**Q** 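Have a look at the structure that comes next, please.
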Amino acid sequence: MSKTLKNGEVEKLKTGTVIHGDGSAAKMEVEETEVKSEGDYRESPVYIYHDWCKKCGICVSFCPTGTLASKPDGSPYVKHPEKCIHCEMCDRLCPDFAITGAKEK
Amino acid sequence: MSKIKQKHIHNKYLRQKKKFPHVWCPGCSNGIVMGAIMRAVGELEWRRTNTTMVSGIGCSSRMPVYVDFNTLHSLHGRAIAYATGIKMYKPKMDVMVVTGDGDATAIGGNHFIHAARRNINLTVILINNNIYGMTGGQYSPTTPTGDKATTTPYGNLDPTFDICELAMGAGATFVARTSAYHAVETQSFIKQGLEHKGFALIEVISACPVIYGKLNKKGDASKMMRQMKENIIPVKSFEALTENERENKLKRGIFRKEIKPEYTAVYDKLIDSLKPEDGEK
Ligand code: SF4
Ligand code: SF4
């Protein structure tokens, strides 16, 4: 289940691999990194890599299900993790390789 | 602020540990096209060591810095010339060129039309953002008439190039157009272009929200992409429109796909025919 991390909480996340739905795409590996960010979900269907995100808002605008939303500073976060349908729209349209909604394997 | 372990996305075709986040402005479509290229190459399961990406100078031409193929970042407008050299020397190498509207059709216009005329097996992915971004926002051959650039503050007077028509006129054997918003289609066209034996041009209309968009009040990246969704329409729907309705609309799709003798193959045949036969001195 998804939970919002509280201030000061550090959680060890598992490392996984996501492969795109069409089976085609370059295989993506999800690694752990330590960054400063608040309000991110501990376990979520969508990974956002804030170090690379430029807050352009494209992922939030084109997510068809309203899974994503913007914080006041423009950075995206997963508002409704249960809504994600793994359509990979955010993934394909993010110009910065900073988000993936592909299914984890 | 608290430190949170966060998942990091790693893509096998990216030079992950170098130079990221990339240099492109927030919302620039170049990254979307780069993603589509990597997906297309991934789908074909091409080896990194046998794939070469060549570029000239410009925003989109920064791409070879980030992808983990053989890469060559060459001179302004000369990408296709370098790529021709690579292809002639190593015809088995898969060579693609990433270029922009100014790079390919103004500065490198001659290389572009003659490579198309020869039908050499290159895949040219032309990212058309309607402006010279990196060099300071000058107008390019595809800046729409009347639109502003830093060198046309009162509006551009020149009529524009239709790059696909240009390539077809010059003899390219695979010609397609799509937009960065249509990312799935972009991937599919690039894949077909890469597989095509001959000169392939894929024009991808892209958004430059920071220079072109700002000068012409086109709104932010999302808004520009929504406009692509509305205005860049499939050939069939385009042809059903009347002359007036076609204003501001652009057709997308594969305009030409045909097989003609390929240049390196023709060249090899010539060399073979000139080799002395057995016993001859
Ligand atoms: S994968 Fe699709 S549904 Fe899930 S967050 Fe991304 S755009 Fe939204
Ligand atoms: S599309 Fe990518 S860069 Fe833009 S806000 Fe979303 S995650 Fe960040």
Side-chain angles (χ1 to χ4, degrees), chain A residues 5-20 22-40 42-44 46-62 74 88-89 91-100 102 104, chain B residues 1-14 16 19-46 48 66-68 180-188 191 206-207 209-210 220-226 228-229:
Chain A
L5 284 171
K6 280 195 217 89
N7 211 350
E9 211 175 332
V10 177
E11 178 87 6
K12 183 127 178 69
L13 290 171
K14 63 178 187 302
T15 312
T17 303
V18 290
I19 296 178
H20 292 267
D22 55 5
S24 66
K27 201 165 100 183
M28 287 192 168
E29 268 156 28
V30 183
E31 273 171 22
E32 287 170 30
T33 29
E34 217 159 319
V35 291
K36 286 178 196 167
S37 170
E38 264 183 281
D40 278 315
R42 195 185 291 166
E43 272 172 44
S44 132
V46 189
Y47 307 128
I48 302 169
Y49 184 43
H50 289 282
D51 278 6
W52 288 8
C53 171
K54 291 184 184 145
K55 305 175 186 174
C56 67
I58 291 177
C59 54
V60 180
S61 301
F62 292 102
E88 297 175 16
M89 197 72 173
D91 200 320
R92 287 175 182 277
L93 292 186
C94 171
D96 284 270
F97 306 91
I99 185 166
T100 178
E104 199 170 332
Chain B
M1 216 189 202
S2 65
K3 279 207 160 180
I4 295 170
K5 289 262 189 187
Q6 199 199 21
K7 291 185 179 182
H8 180 185
I9 308 150
H10 178 96
N11 188 312
K12 76 171 179 187
Y13 289 125
L14 283 186
Q16 187 85 9
K19 318 224 174 191
F20 274 93
H22 57 53
V23 73
W24 296 316
C25 307
C28 168
S29 305
N30 285 337
I32 304 173
V33 182
M34 182 162 127
I37 294 174
M38 292 191 307
R39 286 182 155 91
V41 174
E43 211 171 347
L44 292 167
E45 295 181 351
W46 278 3
R48 268 181 291 203
Y66 306 114
V67 294
D68 203 5
Y181 170 77
H182 303 94
V184 179
E185 196 179 73
T186 306
Q187 178 190 340
S188 143
K191 186 185 166 210
S206 86
V210 172
D220 64 2
S222 304
K223 198 165 167 213
M224 287 185 84
M225 290 187 57
R226 225 166 265 132
M228 282 180 196
K229 185 181 173 184

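Note: hydrogens, waters and symmetry copies are ignored here, and every other heavy atom, side chains too, is used. All of these numbers come straight from a predicted model, not from anything done at the bench.
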**Q** Heavy-atom pairs under 4.5 Å with chain B are the metric here; pick the option from A:Lys54, A:Met89, A:Lys55 that has the most.
**A** A:Lys54
**Q** Considering residues at least two apart in sequence or located in another chain, which fulfil the side-chain contact (heavy atoms from CB on, under 4.5 Å) criterion with B:Ser222?
**A** A:Ile58, A:Ser61, A:Phe62, B:Asp220, B:Arg226
**Q** Measure B:Ala40 against the heavy atoms of chain A and call it side chain, backbone, both or neither at under 4.5 Å.
**A** neither
**Q** Which pair of heavy atoms, one from A:Leu93 and one from B:Tyr181, lies closest together, and at what distance?
**A** CD2-O, 3.7 Å
**Q** Just list the side-chain donor-acceptor pairs under 3.5 Å for residues 24-35 of chain B, sequence neighbours left out, or say none.
**A**
unit_1: B:Trp24; atom_1: NE1; unit_2: B:Cys59; atom_2: O; d: 2.7
unit_1: B:Ser29; atom_1: OG; unit_2: B:Ala207; atom_2: N; d: 2.8

**Q** Is a donor on one side and an acceptor on the other found under 3.5 Å between the side chain of B:His22 and the backbone of A:Phe97?
**A** no
